[in-house]
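Heads up: the structure comes next, in structure tokens.
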Protein chains: 2
Amino acid sequence: MLKKVLIIEDDPVLRASIEQALELADLEPIPTNGFTQARRSIRSNFRGVILSDIKMPDHNGFDVLNFTQARDPNLPVVLLTGHSDVSTAMRAVRFGAYEYLEKPCDPQRLADVMRRALEHRTLVLENRAMLEEFDEDHFVAEGGSLTERLEAHEKKIIEQALVSTNGKVAKAAEQLGIPRNTLYDRMTKLRVVPKAFKR
Amino acid sequence: MLKKVLIIEDDPVLRASIEQALELADLEPIPTNGFTQARRSIRSNFRGVILSDIKMPDHNGFDVLNFTQARDPNLPVVLLTGHSDVSTAMRAVRFGAYEYLEKPCDPQRLADVMRRALEHRTLVLENRAMLEEFDEDHFVAEGGSLTERLEAHEKKIIEQALVSTNGKVAKAAEQLGIPRNTLYDRMTKLRVVPKAFKR
DNA sequence: TGAATTTTTCCGAAATCTCGGACAAACTTG
DNA sequence: CAAGTTTGTCCGAGATTTCGGAAAAATTCA
């Protein structure tokens, strides 16, 4: 489970209190005083979520939201809002913000919401990681005739074995449970050259 | 993206208004009047989320929460609460509820929250599906002799083709670029029965 | 039901694969 | 360097696979 919360808040006092609340909830606050300072951390592989004040001197919450969505639409942004512009915050939610919190806000509530956002982020990243690994495996598995696909797979297995024995054909054969000569036969057919695997 | 929202709410008026709000937001409400009626829908493979009133004549929100968590800890439960017992609701959140909503609640806000819960549920189910397929693949991919591994892979390819032609061997053979008879031979050796793939 | 199509099984010959044996070349190692 | 080991290549017999033809069995459809 992820724990990082990138805090974007210009008021040092509020920032400190948020930080404390999150630490108390066993999360990992990363305090910044504004968008400019936070920007570089906001990337599609950021392993955490964002908590930003909605109203700040130089930038506002929508700037953060826009920027974040451009970098990664699945990076949750939670907005902190004064009681006055709750409606703005709700618009932001419809615009893609993960959630909003009214400003004098219960530390427990803050932690609950951030934890939920972190759960979401965790799931998204896990999903992506699996998808990547997945495609990698399956790129051989599609298209072509049965024999072609089978041979492609066989080639991969053999190459893998050769890598693990750093090019020793005899060892690889043993590992694969076939006679040495048979492996040579297969390698000839599949055009696998053992030299390529020696280090 | 999932859309089903299982509504557990005894008050017919409120229930109807919730239903309408969700429909308006392009979600799919499934109304029930209480826990008893809802129980059978609550399973670990439920493709949706739960929205329950926290205070009902026969059961309360905690019953729903407990039951749901037992069936699937990652099935979001959102609780509807009167203004009076917000503190109860917050306790429920710490206890695993996904979120709570104060009862005279903005339809837009309701939709936003439910949509987020549905996103969460979608991610969880996707994750699970991938995990299953994943270690199924990696299960065969390791250990065993070259021939065993190859045959396992061949079996998978053939089965996959049969699924996509819903058990028609001739079609599958064509798809795989081999003669019908050859496919029969392979199927015999690999003990693949085409009947199992007909629907 | 009965004809037409499709699925499935059985056969056998040609093609391919398996695998042990043999051996020269290359490579370790004392 | 010389003896011992490993590698890469070639051979050939026996086993297995491929694949067309044929026909029985099951299914579809009019």
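Chain naming here is simple, since letters A, B, ... match the order of the sequence lines and numbering starts at 1 in each. Everything numeric here is computed off the predicted structure, so don't read it as measured data.
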Between [atom2] of [N] and [atom1] of [X], the distance in whole Å:
X         : N       : atom1 : atom2 : result
Asp185(A) : dT16(D) : CG    : C1'   : 14 Å
Arg186(A) : dG8(D)  : CZ    : P     : 18 Å
Leu183(A) : dT7(D)  : CG    : C1'   : 12 Å
Ile178(A) : dG20(C) : CD1   : P     : 11 Å
Tyr184(B) : dA24(D) : OH    : P     : 17 Å
Lys195(A) : dC27(C) : NZ    : P     : 11 Å
Glu151(B) : dT16(D) : CD    : P     : 12 Å
Asn181(A) : dT7(D)  : CG    : P     : 12 Å

**Report entry** cation_pi(Arg39(A), Phe35(A)) dist<6.0 Å, angle<=45
**Finding:** yes

**Report entry** With Glu154(A), the salt bridge (charged side-chain N to carboxylate O under 4.0 Å, His left out) member among Arg186(A), Lys189(A), Arg191(A)
**Finding:**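 Of the listed options, the one satisfying the test is Arg186(A).
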
**Report entry** SB check Asp72(B) Arg121(B) (cutoff 4.0 Å)
**Finding:** yes

**Report entry** Closest listed nucleotide, where the reference is the side chain of Thr182(A) and the choices are dT7(C), dG8(D), dC19(C)
**Finding:** dC19(C)

Report summary line: Among the nucleotides dT8(C), dT17(D), dC17(C), whichever has the atom closest to the side chain of Pro194(B) is dT8(C)

Query raised in the report: Can you tell me how far the NE2 atom of His120(B) sits from the CG atom of Leu123(A), to the nearest 0.5 Å?
Result: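 Spacing of NE2 (His120(B)) from CG (Leu123(A)) equals 5.5 Å.
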
Query raised in the report: Phosphate oxygens OP1/OP2 of dT6(C): is one of them under 4.0 Å from a side-chain N or O of Lys168(B)?
Result: no

Report task. Look at all strands and tell whether Arg180(A) reaches a base, only sugar-phosphate, or nothing, counting heavy atoms closer than 4.0 Å. Result -> base

